[in-house]
Structures are given as structure tokens and as C-alpha cells.
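So the structure is just underneath, and the comments pick up after that.
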Amino acid sequence: MTLTIQQAIDLIISAVPGAPFSDTVDTVKAGDPSQELTGVIVTFMATCEVIEQAMQLGANLIITHEPTFYNHRDSTDWLGQHASYIAKRQLIEKSGVVIWRFHDYLHSLPPDSTSMGLLQALDWEAQALPDEPYFCMIAPMTLLELGQRVKDRLGLSAIRVVGDLETTCEKVCLLPGFPPAEMQIGALGRPDIDVLITGEIHEWETSEYVRDATHLGFPKGLIIIGHAASEEPGMQWIIPWLRERLPEVVIRFVPTSKVFHYL
């Protein structure tokens, strides 16, 4: 059975509770979705390198979690005559790929795949609370030991840690991506949470809460691993779910290469 790209997208959306959404960023960002589907690439972000790999692998649908054109809604009028934007558009046209974003619908699937993927990457699936997979009970270790373990498990060059490095950590909250500070601080305010592991922060919000809390005798820990590092495992975790909806389609995960150099 052959599918068009649009039919494949529609099958995915139809499996999401409450879909379709009236206001969503999960739209086709580039390409012609009426063409026959030849293969799917799942990725955290549709970088130029990912697009080139899709071409090499013969896949013409890229399912990306994050924006393609540098802002949440992928608006492009402000980019105007930026040479790099024009060149990326030309690369997409040359490739023949369709780029579709899978963000709002992905986060609406229970359980949230970004949390489940991060749990799996950290080997904490057995430690997660059954009704609240955001929360884990781990073997006691210091904040320093926990940070090193997270860094090693995720293969990261660097992470950021806030708090007393000798604080004992047992009760961990995972909030991948960039949840609002109210959610991050709300989790840290719980007496049953010792440390928060998250993707991104504003540096005047959650980190300063942890600094003050620790100074005032309420030791808390914060581990910031980066947005991509926190959510990319979830894009791998969701692939079996996608294969159930598109059983005859070749679906591959392509990692987004690390963008930062740490000096």
C-alpha cells in the first residue's frame, strides 16, 4: 500500500487524543506533501545536515520536533534576504523532502515521550513513580555524583549544576525541554523533591531560586543538560509508536549533531 506524505501525517495526527488542534505549530514547514512517501527521518531538529542525510537515505519526510527556521512558529518574513535562509530553502527544494513538525501533538500523547525517552536514556525506568513518570526515586548520591552520572549516561561534553555539590539526592524530577519557571520552581518547592533535571532555564529564575533555597537551609539541586540533550531521547523513544501507525514505512532516527563548543 502506497501513501502520500499528507496521508501519513494525517494517520499520525488521527492517533493523538483531541486532535486535530485548531492552533498548533505542527504544520508542514516546507515541501510538497502530496508526493508519495518513500521513507521517514525522525529528528530533534531539521538542520542542513539532517536534510542531507535524508537525501542520502532516500527518505522524503522529515519529522522534526523543533523549528526549522529559528523561531517557534517558523515565521520567515523577518528573515528576508538572509543568505543562509535562502540557501537552506534551496537545499530543501533540491532535496525534495517535506518537513513536518511534531511538537504539540507529541507532547499531547500520554505518557510524554520526552520524559519517557530521558528516563530510558538515564536507565531510570524502574525508578519512576508509576503514576508520575516525571519523578524518580534513585539510590542516594551527592549532587556532584548525580551530575557526573547524568553527563556520562547522555554522552555530554558539559552540563551545568546549581546547589551544594555535597547535597544528598534521592528524589529526582525530570522536566525535559524548556518548561516555564513556575513549573520548574514548583517542582523544586515540593518537600519530596531534592533535585530537578531540565533542559533549559532563564538564568534569573530557577537557578536563583536554588541558590537562595540552599543558602537559607533548604538544599536543592538543579542540573541543566541542554534542550536537545533532554528531548532527543524522546524522539527515539516515539519511533515504535510511529511504526505502529505506518507499518510498511522505513522510519529512521537521525541525531542532531551538537552545536556548541565548550572552551
Side-chain angles (χ1 to χ4, degrees), residues 23 25 44-45 47 64-75 78-79 101 103-104 106-107 112 114-115 117-119 121-122 132-136 138 141-235 256 258-263:
D23 181 25
V25 296
F44 173 75
M45 188 171 292
T47 64
T64 180
H65 187 56
E66 296 296 358
T68 302
F69 298 114
Y70 326 118
N71 65 100
H72 183 55
R73 290 199 172 268
D74 278 297
S75 61
W78 63 281
L79 287 166
R101 190 167 177 195
H103 181 274
D104 299 347
L106 180 80
H107 284 303
D112 188 301
T114 58
S115 295
L118 188 55
L119 275 175
L122 293 172
E132 294 182 294
Y134 290 99
F135 303 106
C136 306
I138 63 170
M141 62 184 76
T142 66
L143 180 59
L144 177 61
E145 291 168 336
L146 177 58
Q148 189 62 57
R149 184 185 188 283
V150 169
K151 179 182 173 185
D152 292 345
R153 286 288 308 181
L154 299 180
L156 302 177
S157 301
I159 61 172
R160 294 188 291 169
V161 181
V162 183
D164 181 349
L165 296 179
E166 295 304 314
T167 296
T168 299
C169 301
E170 294 182 78
K171 295 161 285 190
V172 181
C173 177
L174 301 179
L175 291 179
F178 193 6
E182 290 81 1
M183 184 180 295
Q184 295 176 338
I185 294 170
L188 283 164
R190 290 175 50 156
D192 58 341
I193 295 298
D194 300 321
V195 59
L196 169 67
I197 299 174
T198 195
E200 288 190 69
I201 64 164
H202 286 139
E203 293 184 7
W204 61 90
E205 294 174 339
T206 309
S207 53
E208 293 305 320
Y209 174 87
V210 171
R211 189 211 302 255
D212 283 347
T214 299
H215 181 79
L216 294 167
F218 307 99
K220 297 287 181 175
L222 173 64
I223 298 175
I224 308 152
I225 60 178
H227 200 124
S230 73
E231 291 197 321
E232 192 165 64
M235 298 310 290
T256 302
K258 295 176 175 62
V259 67
F260 294 106
H261 299 286
Y262 295 95
L263 305 180

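Take Ser230 and apply the side chain to side chain donor-acceptor pair (under 3.5 Å) test, not counting sequence neighbours, and it matches no residue. Taking Glu208 as the reference, Arg211 meet the salt bridge (charged side-chain N to carboxylate O under 4.0 Å, His left out) condition, with sequence neighbours excluded. Under the rule for a side-chain contact (heavy atoms from CB on, under 4.5 Å), the partners of Ala121 that lie at least two apart in sequence or sit in another chain are Leu154, Pro233. Checked against side chain to side chain donor-acceptor pair (under 3.5 Å), Arg153 has no partners two or more places apart in sequence or in another chain. Scanning for side-chain contact (heavy atoms from CB on, under 4.5 Å) contacts around Tyr262 gives Ser157, Ala158, Phe260, with sequence neighbours left out. For Glu145, there are no salt bridge (charged side-chain N to carboxylate O under 4.0 Å, His left out) partners two or more places apart in sequence or in a different chain. Applying the salt bridge (charged side-chain N to carboxylate O under 4.0 Å, His left out) criterion to Asp74, with sequence neighbours excluded, gives Lys29. Checked against side chain to side chain donor-acceptor pair (under 3.5 Å), Ser207 has no partners two or more places apart in sequence or in another chain. Residues satisfying the side-chain contact (heavy atoms from CB on, under 4.5 Å) test with Ile185, not counting sequence neighbours, are Ala181, Thr206, Tyr209. Every residue was checked against the salt bridge (charged side-chain N to carboxylate O under 4.0 Å, His left out) condition with Asp152, not counting sequence neighbours, and none meets it.
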>> The test is side-chain contact (heavy atoms from CB on, under 4.5 Å); show your working for Thr64 and Met235 and say whether it passes.
In response: CA-CA 9 Å; Thr64 180; Met235 298 310 290; over 6 Å; no

>> Working note: Thr47 + Val259, criterion side-chain contact (heavy atoms from CB on, under 4.5 Å); need CA distance, chi angles, decisive distance, verdict.
In response: CA-CA 10 Å; Thr47 64; Val259 67; over 6 Å; no

>> salt bridge (Lys or Arg N to Asp or Glu O under 4.0 Å), that's the test. Do Arg73 and Asp23 meet it? Break it down for me.
In response: CA-CA 11 Å; Arg73 290 199 172 268; Asp23 181 25; 3.3 Å; yes

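Minimum interatomic distance between Tyr70 and Pro67 (heavy atoms only, all atoms of both residues): N-CB, 4.3 Å. Across all their heavy atoms, Pro133 and Leu119 have their closest contact at O-CD1, 3.3 Å.
A salt bridge (charged side-chain N to carboxylate O under 4.0 Å, His left out) check over residues 222-235, counting only residues at least two apart or in different chains, returns nothing.
Taken from CE in Met183 to CZ in Phe178, the straight-line distance is 12.0 Å, to the nearest 0.5 Å. To the nearest 0.5 Å, atom CG of residue Leu196 and atom NZ of residue Lys220 are 10.0 Å apart. Atom-to-atom distance recorded for Leu143:CG and Asp194:CG is 10.0 Å, nearest 0.5 angstrom. With rounding to the nearest 0.5 angstrom, the CD1 atom of Ile225 is 13.0 Å from the NZ atom of Lys151. Atoms CD1 and CZ, from Ile201 and Arg160 in turn, are 5.0 Å apart once rounded to the nearest 0.5 Å. Distance CD1/Ile224 to CD/Glu200: 10.0 Å, rounded to 0.5 Å.
More than 12 heavy atoms of other shown residues, nucleotides or ligands fall within 6.0 angstrom of atom CD in Glu132. Other residues, nucleotides and ligands contribute over 12 non-hydrogen atoms within 6.0 Å of the NE2 atom of His72.
Arg149 places a side-chain N or O within donor-acceptor distance of the main-chain N or O of Leu122, the cut-off being under 3.5 Å.
Under the 4.5 Å side-chain criterion, counting only non-hydrogen atoms from C-beta, Phe135 is not in contact with Asp192. Annotation: side chain of Thr114 is not in contact with side chain of Leu118 (no heavy-atom distance under 4.5 Å).
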Exercise answer: donor-acceptor pairs, residues 162-174 side-chain atoms, under 3.5 Å, sequence neighbours excluded:
{"from": "Asp164", "atom 1": "OD1", "to": "Glu166", "atom 2": "N", "distance (Å)": "2.9"}
{"from": "Thr167", "atom 1": "OG1", "to": "Asp164", "atom 2": "O", "distance (Å)": "3.0"}

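Ring geometry, His227 versus Phe44: the interplanar angle falls from 30° to 60°, so the pair is classed tilted.
Under the side-chain contact (heavy atoms from CB on, under 4.5 Å) rule, Leu188 has a single partner from Val195, Thr198, Leu175, Val210, which is Val210.
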